[in-house]
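Scroll down for the structure; my scribbles are underneath it.
Side-chain atoms are counted along with the backbone in the values below, which use heavy atoms only and exclude waters and symmetry mates.
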Amino acid sequence: PLSFFSMTMGMAGLSIAWEKTLQVMHIETVLPYILTAFTFLVFALLAGLHTVRAIRYPEAILADLAHPIKINFLATIPISLLLLSVALLPLNQGFALVFWFSGSLLQLIVLLFILNKWMHHEHFKVEHLNPAWFIPEVGNVLVPLSGSTLGFTEISWFFFSVGMLFWLILQTIIFNRILFHSPLPEKLLPTLFILIAPP
């Protein structure tokens, strides 16, 4: 499933956290680079498998894109690229730029695609609303993490502003859904951790 790309999001975040921790502690080690390389391999494997899936089972991809919950995990692909660009910054700014550019462009496309789905839907219900809806919209706040370092200040501000705007809107809507409607299904309870990420 598309949600498997959240593994690379978590692993890239772990790589970045180790790199920053060791930098603050003034410890030189290759651990963050090994983690980044492993994260890249996992991302490449998942991208390859999803390419095969798209070719062999296009109806499964279309079903994911029509599903009110699964569609939001489409954004885990550009977010993985953006986080890999941050992890690659200390290693090679050229590679980081490639990942940042492709991740930012894909993030914008996914944002507009999912917004269009939300606004022109015929089947979304309040029960479908869950914290995974943050992923495609609030994920925009990740663009400045390497974009500002790479010199794309205005583009970074644009994405950051869009992400913050949607954070405020979606936070309100999702809390309304959690407090005043039926509880989240048990399989979606882990998505509550997504609420931690934007702040």
Side-chain angles (χ1 to χ4, degrees), residues 2-50 72-114 131-167 170-171 190-191 193-199:
L2 285 170
S3 60
F4 272 32
F5 280 99
S6 59
M7 287 190 290
T8 55
M9 288 170 54
M11 291 171 62
L14 181 66
S15 305
I16 295 162
W18 269 109
E19 193 268 320
K20 298 300 179 194
T21 301
L22 295 172
Q23 186 180 20
V24 167
M25 297 174 70
H26 304 289
I27 298 172
E28 298 259 343
T29 178
V30 294
L31 178 63
Y33 309 128
I34 292 170
L35 289 170
T36 299
F38 185 68
T39 303
F40 175 77
L41 288 174
V42 170
F43 178 80
L45 176 66
L46 288 171
L49 289 171
H50 272 79
N72 299 300
F73 290 98
L74 178 64
T76 58
I77 299 170
I79 290 173
S80 294
L81 290 168
L82 290 167
L83 288 171
L84 277 166
S85 77
V86 177
L88 287 167
L89 267 177
L91 290 168
N92 187 307
Q93 286 208 351
F95 282 133
L97 177 61
V98 170
F99 277 80
W100 178 84
F101 182 79
S102 54
S104 298
L105 182 62
L106 194 55
Q107 177 64 24
L108 183 62
I109 292 167
V110 168
L111 166 75
L112 295 174
F113 173 74
I114 292 178
W133 284 44
F134 273 76
I135 300 170
E137 313 308 332
V138 184
N140 289 289
V141 301
L142 297 172
V143 171
L145 291 180
S146 52
S148 56
T149 305
L150 292 167
F152 298 96
T153 309
E154 290 78 12
I155 295 172
S156 295
W157 272 114
F158 166 75
F159 278 98
F160 183 75
S161 303
V162 170
M164 291 301 289
L165 175 69
F166 277 105
W167 172 44
L170 288 172
Q171 185 85 0
T191 64
F193 285 100
I194 296 172
L195 297 175
I196 298 169

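- Expressed to the nearest 0.5 Å, how far CG of Leu14 lies from CE of Met9 amounts to 13.5 Å.
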request  = Evaluate the side-chain contact (heavy atoms from CB on, under 4.5 Å) criterion for residues Gln107 and Leu81: first the C-alpha distance (whole Å), next the side-chain angles of each, then the deciding distance (0.1 Å), finally the verdict.
outcome  = CA-CA 9 Å; Gln107 177 64 24; Leu81 290 168; over 6 Å; no

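- Using a distance-only test at 3.5 Å, with no hydrogens or angles considered, no donor-acceptor pair links the side chain of Ser146 to the main chain of Ser85.
- Across every non-hydrogen atom of Leu91 and Thr36, the tightest pair is CD1-CG2, 4.4 Å.
- Ala75 and Ile135 make their closest contact through CB-CG2, 3.8 Å (heavy atoms, listed as atom of the first residue, atom of the second, distance).
- With a 4.5 Å cut-off on side-chain heavy atoms, Leu89 and Leu150 count as touching.
- Of all non-hydrogen atoms in Leu2 and Thr76, the two that sit nearest each other are O-OG1, 3.3 Å.
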request  = Go through the steps to decide whether Phe43 and Leu84 satisfy the test side-chain contact (heavy atoms from CB on, under 4.5 Å), and finish with yes or no.
outcome  = CA-CA 9 Å; Phe43 178 80; Leu84 277 166; 4.0 Å; yes

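- Asn72 has its side chain within reach of Pro136: a pair of non-hydrogen atoms, C-beta onward, lies under 4.5 Å apart.
- Side chains of Gln171 and Leu195 form a contact here, defined as non-hydrogen atoms less than 4.5 Å apart.
- More than 12 heavy atoms of other residues, nucleotides or ligands lie within 6.0 Å of CZ in Phe113, so this atom counts as buried by the packing criterion.
- Here the OG atom belonging to Ser102 is positioned 8.0 Å from the CG atom belonging to Leu105, to the nearest 0.5 angstrom.
- Rounded to the nearest 0.5 Å, atoms CD1 (Ile155) and OG (Ser148) are 12.0 Å apart.
- Across all non-hydrogen atoms, the minimal contact from Asn92 to Phe95 is OD1-N, 3.0 Å.
- Put simply, the side chain of Leu45 reaches to within 4.5 Å of the side chain of Leu49, judged on heavy atoms.
- Here the closest non-hydrogen pair linking Leu83 and Ala12 is CB-CB, 3.6 Å.
- A 4.5 Å side-chain heavy-atom check between Val86 and Glu19 finds every atom pair outside the cut-off.
- Between Phe166 and Phe134, a ring centre-to-centre spacing not shorter than 6.0 Å is recorded.
- Ring geometry, Phe40 versus Phe99: the interplanar angle exceeds 60°, so the pair is classed perpendicular (tilted spans 30 to 60°).
- The side-chain contact (heavy atoms from CB on, under 4.5 Å) test with Val143 singles out one residue from Leu108, Leu82, Val162, and that residue is Leu82.
- Going from atom CG of Leu88 over to atom CH2 of Trp100 covers 15.0 Å, rounded to the nearest 0.5 Å.
- Pairing each heavy atom of Thr39 with each of Ser15, the nearest pair is OG1-OG, 3.5 Å.
- Rounding to the nearest 0.5 Å gives a distance of 9.5 Å between CE of Met164 and CH2 of Trp157.
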request  = List the steps, then state whether side-chain contact (heavy atoms from CB on, under 4.5 Å) holds for Trp18 with Ile34.
outcome  = CA-CA 11 Å; Trp18 269 109; Ile34 292 170; over 6 Å; no

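- Separation of atoms OG1 (Thr191) and CH2 (Trp133) is listed at 12.5 Å; rounding is to 0.5 Å.
- Of the listed residues (Thr8, Leu106, Leu46, Val110), just one forms a side-chain contact (heavy atoms from CB on, under 4.5 Å) with Ile77, and that residue is Leu106.
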